[in-house]
Engineer: 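Here it is: the structure, laid out below.
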Amino acid sequence: MQYQPNQIEAKWKRHWKENKTYKVSNSSTKPKFYILDMFPYPSGAGLHVGHPLGYIASDIYARFKTMNGFNVLHPMGFDAFGLPAEQYALQTGVHPQESTETNIKKYKSQLDNLGFNYDWERQVTTCDPSYYKWTQWIFIELFRHYYNTELNKAKPIEELVDSFEAHGSEAIKAHHSFEGSFSAEEWKQMSGKQKDEVLMNYRLAYLKEGYVNWCEALGTVLANDEVKDGLSERGGHPVEKRSMSQWALRITAYAERMLEGLESLNWSTALKTMQRNWIGRSYGAQVFFDIDGHDQKIEIFTTRPDTIFGATYMVLAPEHDLVSTLTTPAQKEEIENYIAYVNNRSERERMSDVKTVTGAFTGAYAKHPFSDEKIPIWIGEYVLKDYGTGAIMAVPSDDERDHNFATKFDLPIIPVVDQSAFPNAERGQKVGSMINSDFLNGMEVKEAIPAICQKLEDKGIGKKKVNYKLRDANFSRQRYWGEPFPIKYDKDGIAIARDFSELPLDLPEVEDYKPSKEGKSPLSKVSQWVNEGEYTKETDTMPGYAGSSWYFLRYMDANNPDEFASQEALNYWQDVDLYIGGTEHAVGHLMYSRFWHKFLFDKGLVPTNEPFKKLVNQGMIQGVIEFIYLDKKEHDGRKKFICAGLIDPEQKEAFAKIPVHVDFVSNYGSSDSYLNLEGIKKFLDWRPEYANAIFECANGVLKDGLFNSKDSAMDSNLITQSEVGKMSKRYFNVVNPDDVVAKYGADCFRLYEMFLGPIEQSKPWDTKGIDGTSKFLRKLWGLFYTENEEWAVNNESASKESLKTLHTAIKKVRNDIENLSLNTSVSAFMVCVNELKKQNCRNREILKSLLQLLAPFAPFTTEELWEKLGEEGSIHHSSYPIHDESHLIESEVTLPLSINGKKRGELTVDANTSKEDIEDMARNHEITQKWLEDKAIRKVIVVPGRMVNVVIG
RNA sequence: GCGGGUAUGAUGGAACUGGUAGACAUGCUAGACUUAGGAUCUAGUGCCGCGAGGCGUGGGGGUUCGACUCCCUCUACCCGCACCA
């Protein structure tokens with residue numbers, strides 16, 4: 001019988017589905033293991049060969065764990081709300097629901113094609129009302145809670161209200177954004193609307209008016225992590241700051257716990273560092289400065305309170321609330337002009353141009369808290385509204401930016417830290433001793449910081465403070481394709497959470513998907529939906545990360561209509577033991593999920609404090625982009641392409657790089673890739689706008705379909721420029737796994753992706769090596785069938801040699817899978833099969849174990865041969881082989897014989913020869929004698945079973 | 001600028017707690033079988049050298065009997081953050 005992967009795969013795909021081979025039960029006496037892949041967004045382009053890398057690894061691991069006696073949860077689902085489907089709807093009018101369903105179907109078929117062991121009965125789809133019902137439910141719970149900083153957990157908002165009624169704002173310690181304070185009496189006097197506004201400053205999900213990232217092109221606001229370099233992460237559109245009223249989540253309440261929690265997690269240091277940076281904790285002091293002629297104070301945060309005597313001016317962010325109050329009539333025009341200038345600059349401009357120092361003087365003065373001197377208050381772009389308090393005390397002597405600002409605007413500089421003892425220290429480094437600083441004089445910086453903090457507290461003008469860079473997460477999107485907020489407003493505009501019985505609040509149908517004017521979502525146009533008697537509905541929708549922040553919990557009990565997941569399911573599955581995915585979610589999804597999880601933990605709804613115990617970052621599989629050079633100048637009104645080999649590197653500016661579909665390119669992916677005549681023809685059929693172009697290469701010119709060759713060359717060989725980059729539709733370099741599977745089979749594809757290298761590493765896709773794994777599978781088949789395609793397995797007892805080969809492989813593969821070193825296990829399989837072949841081993845006992853060992857990697861082929869062996873049931877429900885050390889023991893060992901650490905020969909000895917005997921043998925060995933000449937043996941080092949080193953000299 | 005990571009043949013990569021550098025695979029060379037081969041099999045393949053031998057894991061230095069592995073230092077590339085007070 002011949003090896004025909006396509007037939008085998010079709011057969012077992014059907015069989016597994018019909019027999020529910022991969023169904024997972026929640027009631028089992030086995031230990032649990034939860035392995036998770038990152039939630040894919042089902043894009044219209046489908047999967048490319050890069051996506052399954054992590055899925056294959058997790059599938060292998062999941063199957064391995066199953067065969068080792070675990071009850072394994074390895075689910076899959078879809079992060080189905082999101083912008084691309086809505087953008088597509090805008091262009092084509094196709095309902096996002098419809099295009100999303102089509103895409104999901106395609107994804108599922110592509111995934112099944114690769115033989116993954118998902119239990120599809122547990123599929124989670126975020127846009128399904130039976131799922132987003134619970135997303136809305138969690139939102140309501142967040143809305144109904146505040147964060148108690150004494151108990152360090154979320155508590156019901158009613159407890160806060162009770163405390164306000166009894167004691168006013170001061171009794172309860174809570175994480176909030178409320179400015180000021182009130183007594184119990186004052187609270188009772190407040191109107192419903194006023195109370196609502198106060199409570200918004202405490203709720204974990206709350207409405208706030210503030211500066212947000214507005215993206216005009218997408219017609220929506222974006223969260224900080226959705227903005228990269230001042231452009232939207234999706235689509236690369238410009239983003240500007242705009243003040244709007246938006247829902248936000250108080251993730252900052254959890255900043256410290258999120259930081260602490262990282263310690264216990266088995267994640268890569270890179271990922272942890274990214275989260276730490278994003279949270280951005282810094283220690284310093286909060287100080288209040290009085291303003292000359294005003295009642296208000298300016299609150300600042302500084303990490304260098306010790307340098308306060310060097311503070312010669314203050315700077316507020318241009319958006320700071322006090323700016324309009326402080327500005328004197330004389331400076332009004334200047335300040336207004338400056339603010340207009342800042343508003344005109346896009347976020348991107350601000351970020352790319354950080355060296356230009358700009359600012360304006362408000363005309364107002366603050367009082368220095370120690371010297372009582374008047375110091376001017378400026379505004380400047382370099383002070384950010386979002387960081388700290390949006391205001392600083394400027395110490396030009398000890399801060400590079402303040403120094404630049406002071407130099408430019410001619411402001412005084414007072415040196416306060418003497419760094420002469422540290423000649424290599426830079427400005428601002430925390431070394432040196434204090435000068436010009438009153439009672440701090442003579443202290444080292446490290447002593448001065450606690451000393452000044454104490455003084456600030458004594459004077460009642462400041463205190464030690466921890467500051468976080470982390471901002472509350474923006475949670476509103478002015479888009480259609482997302483979860484509707486379960487919120488309605490009464491006639492006073494008070495936000496009211498819906499009763500749980502009203503969930504899910506379904507998305508209504510809309511006429512079109514365009515956002516309405518004034519930055520409102522398309523939902524605002526459906527008035528019969530928006531208006532609900534005396535109430536109106538919230539018309540924004542939730543962002544993409546809403547649904548993905550808790551999906552891993554739903555998998556535990558995916559079809560539960562009464563709870564987001566039952567307590568039994570949650571207590572059984574606990575948390576994710578292994579999460580595999582890319583780093584792109586480092587600060588987005590992984591932060592929000594941890595935050596939601598901790599909130600649910602506070603509520604006693606989940607048994608664990610962290611959702612993902614261990615996380616492995618898979619590398620990306622990149623594509624090779626093939627470009628051809630187009631001369632920017634036309635030649636007699638015709639466009640001209642030039643061979644990459646003919647271009648002088650210094651002249652590259654004169655040419656445009658046009659991406660070519662990689663299917664047209666010969667030697668695709670290598671350094672000598674080129675377009676032959678046929679390739680150029682295909683290119684012209686594909687891009688008819690270049691029909692009359694000229695193609696010039698080293699051995700001839702193609703013009704009007706005719707090739708005028710030099711040196712009687714037969715082909716054009718227009719060399720293309722190959723670059724490693726994203727695999728993407730726009731570069732025409734996407735490789736669909738279905739095509740590879742059709743040609744080589746899924747098992748071969750799985751083995752090849754694993755064989756490519758360590759899972760964490762990125763590498764360009766290259767089909768060239770796939771023959772290696774294809775040959776391997778055929779060799780494996782060849783152990784079971786003769787060349788004449790006859791069954792060749794016998795029942796004789798296994799040879800010692802074959803047992804050793806097998807058990808060596810078992811030992812290595814087991815260890816490799818545990819460490820996710822899947823590339824080396826593939827090579828171990830190759831070694832094993834090569835050796836068994838040499839031994840002409842056709843022994844049932846050996847081959848059966850080999851199949852079980854390989855089953856997680858090549859589920860189809862092994863299942864087929866398992867059946868052929870006449871075994872009962874699925875190989876995937878059998879037990880994983882365990883190695884027997886006794887088969888690995890050798891009677892003789894060959895040790896390398898080194899002279900001065902360099903291998904010069906070998907020494908074959910009986911396995912239980914004593915150290916002393918080996919040393920004697922080494923001393924008298926002919927190789928030692930040869931190298932000895934007239935020198936003496938100084939020492940002989942014998943590492944039993946390893947090596948012998950003779951030191952001479 | 002700050003933080004993290006990587007560097008090994010022509011290529012992807014291997015080497016456990018320091019102990020035979022280059023496993024496995026691709027590519028290449030030669031041969032066998034074949035009408036043919038982009039099938040299969042065999043042998044070879046780090047570099048220099050006829051050889052003995054020398055050199056060799058980004059560069060330089062160190063520790064050690066012995067270093068891809070540990071320490072110091074420099075370089076290049078990749079990723080993340082970035083006026084963070």
Side-chain angles (χ1 to χ4, degrees), chain A residues 228-229 268-278 280-282 284 300-304 307 315 317 350-351 353-358 380-384 386-395 398-402 404-405 426 428 467-469 583-584 586-587 617 619-620 669-671 724 751-752 755-758 760-764 766-773 775-776 778-779 782 787 812 815 819 821 823-832 834 894-906 930 938-943 945-953:
Chain A
K228 292 256 139 70
D229 297 326
S268 70
T269 48
L271 205 62
K272 287 191 194 181
T273 313
M274 274 192 237
Q275 292 218 341
R276 281 197 196 102
N277 289 345
W278 192 258
R281 176 171 61 187
S282 54
I300 60 119
F301 173 75
T302 175
T303 54
R304 292 298 303 274
T307 64
V315 186
R350 269 180 89 155
M351 289 168 88
D353 168 34
V354 297
K355 280 183 206 107
T356 320
V357 177
T358 64
E381 249 187 316
Y382 83 101
V383 175
L384 306 174
D386 275 342
Y387 188 75
T389 60
I392 61 157
M393 66 171 198
V395 184
D398 269 275
D399 182 285
E400 201 55 49
R401 294 150 307 167
D402 294 345
N404 293 340
F405 194 86
E426 285 171 24
N467 188 55
Y468 299 91
K469 200 163 92 183
T583 34
E584 66 271 24
V587 292
N617 290 124
M620 271 200 308
S670 71
S671 56
V724 172
L751 284 166
Y752 182 57
F755 188 59
L756 237 39
E760 304 88 350
Q761 234 161 73
S762 290
K763 49 239 153 187
D766 175 10
T767 349
K768 278 204 290 288
I770 200 166
D771 277 344
T773 47
K775 273 186 214 164
F776 161 74
R778 274 177 277 147
K779 275 189 219 166
E787 278 170 46
K812 172 140 184 68
N815 188 43
N819 295 316
S821 172
N823 54 328
T824 52
S825 31
V826 177
S827 60
F829 284 126
M830 289 173 168
V831 171
C832 179
N834 288 346
T894 302
L895 302 173
L897 174 61
S898 298
I899 310 292
N900 287 343
K902 197 91 188 162
K903 186 196 168 194
R904 296 299 174 187
E906 281 173 351
K930 183 187 151 203
R938 295 234 169 139
K939 205 198 241 181
V940 178
I941 290 148
V942 179
V943 183
R946 280 262 174 226
M947 47 73 68
V948 184
N949 188 20
V950 181
V951 185
I952 61 175

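Below, chains carry the letters A, B, ... as their sequence lines are ordered, and counting in each starts from 1. Not measured: the values here are computed from a predicted model.
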Engineer: Quick check against the 3.5 Å criterion: does A:Asn949 have a side-chain atom that pairs as donor or acceptor with the backbone of A:Gly901?
Structural biologist: yes
Engineer: On RNA chain B, nearest-nucleotide positions of A:Ile941 versus A:Val831: which is more 5'?
Structural biologist: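 The residue whose closest nucleotide sits nearer the 5' end is A:Val831.
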Engineer: Can you tell which of B:U20, B:G12, B:U40 lies closest to the side chain of A:Phe755?
Structural biologist: B:G12
Engineer: Considering only atom C1', compute the distance from B:U34 to B:G27 and round it to an integer number of Å.
Structural biologist: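 B:U34 and B:G27 have their C1' atoms separated by 24 Å.
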Engineer: Counting only side-chain heavy atoms from C-beta out, which of B:C65, B:U40, B:G4 sits nearest to A:Lys775?
Structural biologist: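 Output: B:U40.
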Engineer: B:A14 C1' sits how many Å from A:Glu760 CD, rounded?
Structural biologist: 15 Å
Engineer: Partner lookup for B:A36, please. Criteria are Watson-Crick or G-U wobble with both distances under 3.5 angstrom; report none if nothing qualifies.
Structural biologist: none
Engineer: Could one point to a donor on the side chain of A:Asn949 or the base of B:C65 with an acceptor on the other under 3.5 Å away?
Structural biologist: yes
Engineer: In whole angstrom, give the distance that lies between atom CG of A:Asn404 and atom C1' of B:A85.
Structural biologist: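 One finds 14 Å between C1' of B:A85 and CG of A:Asn404, rounded.
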Engineer: Supply the atom-to-atom distance A:Arg304 CZ to A:Asp399 CG, rounded to the nearest 0.5 angstrom.
Structural biologist: 9.5 Å
Engineer: In whole angstrom, give the distance that lies between atom CG of A:Asp766 and atom P of B:U26.
Structural biologist: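 Those two atoms, CG and P, are 13 Å apart.
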Engineer: Look at the side chain of A:Tyr387 and decide which nucleotide, out of B:G19, B:G13, B:A85, has an atom nearest to it.
Structural biologist: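 Closest of the options to the side chain of A:Tyr387: B:A85.
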Engineer: Quick one: CZ on A:Phe776 to CG on A:Asp771, what's the gap to the nearest 0.5 Å?
Structural biologist: 15.0 Å
Engineer: Please check this pair: side chain of A:Ser268 against backbone of A:Leu271, looking for a donor-acceptor N/O pair closer than 3.5 Å.
Structural biologist: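 Between the backbone of A:Leu271 and the side chain of A:Ser268 there is a qualifying donor-acceptor contact (under 3.5 Å).
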Engineer: Indicate yes or no for a side-chain donor-acceptor contact from A:Lys779 to the backbone of A:Asn834 under 3.5 Å, with no hydrogens or angles considered.
Structural biologist: no
Engineer: For every nucleotide of nucleotides 43-55 of chain B, 5' to 3': is a protein heavy atom under 4.0 Å from its base (B), only from its sugar-phosphate (S), or from neither (-)?
Structural biologist: ---------SSS-
Engineer: Does A:Met620, at its CE atom, have more than 12 non-hydrogen atoms belonging to other residues, nucleotides or ligands within less than 6.0 Å?
Structural biologist: no
Engineer: If you measure from the C1' atom in B:A76 to the same atom in B:G58, how many Å do you get, rounded?
Structural biologist: 8 Å
Engineer: Counting Watson-Crick and G-U wobble pairs only, both distances under 3.5 Å, name the nucleotide matched with B:A7, or none.
Structural biologist: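 The answer is B:U75, by the H-bond criterion.
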Engineer: Look at the side chain of A:Gln761 and decide which nucleotide, out of B:G13, B:G4, B:C81, has an atom nearest to it.
Structural biologist: B:G13
Engineer: Can you tell me how the ring of A:Phe301 sits relative to the ring of A:Tyr387, calling it parallel under 30°, perpendicular over 60° and tilted otherwise?
Structural biologist: perpendicular
Engineer: For A:Met947, answer base if it contacts any base atom (sugar-phosphate contacts may also be present), sugar-phosphate if it contacts only those atoms, and nothing otherwise; contact means non-hydrogen atoms under 4.0 Å.
Structural biologist: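 Contact class for A:Met947: base.
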Engineer: For atom P, what is the distance between B:A15 and B:G80, given to the nearest Å?
Structural biologist: 28 Å
Engineer: For A:Leu897 and B:G66, what is the distance between atoms CG and C1' respectively, to the nearest whole Å?
Structural biologist: 13 Å
Engineer: For A:Met947 and A:Leu895, which heavy atoms make the closest approach, and how far apart are they?
Structural biologist: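 That closest heavy-atom pairing would be N-CD2, 4.1 Å.
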Engineer: As a test of reading the structure: which of B:C65, B:C41, B:A85 is closest to the side chain of A:Val951, going by heavy atoms?
Structural biologist: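 Looking only at side-chain atoms, A:Val951 lies closest to B:C65.
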Engineer: Which part of the nucleic acid, if any, lies within reach of A:Asp399 when heavy atoms closer than 4.0 Å are counted: base, sugar-phosphate only, or nothing?
Structural biologist: nothing
Engineer: Could you check whether A:Thr307 and A:Asp398, counting side-chain N and O atoms only, form a donor-acceptor pair closer than 3.5 Å?
Structural biologist: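 Side-chain D/A pair, A:Asp398 to A:Thr307: absent.
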Engineer: Between P on B:U64 and NZ on A:Lys939, what's the gap in Å once rounded to a whole number?
Structural biologist: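 Rounding to the nearest Å, NZ of A:Lys939 and P of B:U64 are 10 Å apart.
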Engineer: Nearest to the A:Met274 side chain among B:A25, B:G80, B:A14, which nucleotide is it?
Structural biologist: B:G80
Engineer: Can B:G9 be described as syn, meaning its chi torsion is within 90° of 0, or is it anti?
Structural biologist: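 Syn for B:G9; the angle stays within 90° of 0.
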Engineer: I'd like the P distance from B:A10 over to B:C78, given in whole Å.
Structural biologist: 22 Å
Engineer: Assess the residue pair A:Thr894 and A:Glu906 against the criterion (side chain to side chain donor-acceptor pair (under 3.5 Å)); give the C-alpha distance rounded to whole Å, side-chain angles, the decisive distance to 0.1 Å, and a yes or no.
Structural biologist: CA-CA 6 Å; A:Thr894 302; A:Glu906 281 173 351; 5.5 Å; no
Engineer: For B:G80, give its Watson-Crick or G-U wobble partner with both distances under 3.5 Å, or none.
Structural biologist: B:C2
Engineer: Say we look at B:U57 and B:A23: how far apart would their C1' atoms be, to the nearest angstrom?
Structural biologist: 15 Å
Engineer: Consider the side chain of A:Arg778, meaning its heavy atoms from C-beta on, and name the nucleotide among B:A15, B:U40, B:C41 that approaches it most closely.
Structural biologist: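 It is B:U40.
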Engineer: State which of B:C41, B:C83, B:G19 makes the closest approach to the side chain of A:Arg946.
Structural biologist: B:G19
Engineer: Could you pick out which residue, A:Lys763 or A:Thr389, lies toward the 5' side of RNA chain B when each is mapped onto its nearest nucleotide?
Structural biologist: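 So the residue in question is A:Lys763.
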Engineer: Taking only the C1' atom of each, what is the distance from B:G9 to B:U26 in whole angstrom?
Structural biologist: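 Straight-line distance between the two C1' atoms is 13 Å.
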Engineer: Below 4.0 angstrom from OP1 or OP2 of B:A85, is there any side-chain N or O of A:Asn467?
Structural biologist: no
Engineer: Tell me the interatomic distance from A:Asp386, atom CG, to B:C84, atom C1', rounded to whole angstroms.
Structural biologist: 11 Å
Engineer: Of the nucleotides B:U40, B:A25, B:C83, which one has an atom closest to the side chain of A:Leu384?
Structural biologist: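 When the side chain of A:Leu384 is considered, B:C83 is the closest of B:U40, B:A25, B:C83.
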Engineer: Tell me: NZ of A:Lys768 to P of B:G13, nearest whole Å?
Structural biologist: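 Checked: the NZ to P distance equals 13 Å.
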Engineer: Scan every strand shown for a Watson-Crick or G-U wobble partner of B:A43, both distances under 3.5 Å, and answer none if you come up empty.
Structural biologist: B:U29
Engineer: Taking pairing as Watson-Crick or G-U wobble with both contacts under 3.5 Å, can you name the mate of B:G18, or confirm there isn't one?
Structural biologist: none
Engineer: Looking at B:G13, B:A21, B:A85, which one has an atom nearest to any side-chain atom of A:Ile392?
Structural biologist: B:A85
Engineer: In whole Å, measure the gap between the C1' atoms of B:A21 and B:C16 for me.
Structural biologist: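 Comparing C1' positions in B:A21 and B:C16 gives a spacing of 15 Å.
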Engineer: Answer with base, sugar-phosphate or nothing: what part of the nucleic acid does A:Val395 contact at a heavy-atom distance below 4.0 Å?
Structural biologist: nothing
Engineer: With no hydrogens and no angle check, is any side-chain donor or acceptor of A:Lys469 less than 3.5 Å from a backbone partner on A:Ser282?
Structural biologist: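 Not a single qualifying donor-acceptor pair exists.
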Engineer: Over how many whole Å does the gap from A:Glu400 atom CD to B:A85 atom P extend?
Structural biologist: 14 Å
Engineer: What's the gap between B:C47 and B:G61 when it is taken at their C1' atoms, as a whole Å value?
Structural biologist: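 These two C1' atoms come out 24 Å apart once rounded.
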Engineer: Using a heavy-atom cut-off of under 4.0 Å over every strand shown, decide if A:Leu895 touches base, sugar-phosphate, or nothing.
Structural biologist: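 Contact class for A:Leu895: none.
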Engineer: Contact class for A:Asn834 vs. all strands (heavy atom < 4.0 Å): base, sugar-phosphate, or nothing?
Structural biologist: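 Sugar-phosphate, backbone atoms only, no base.
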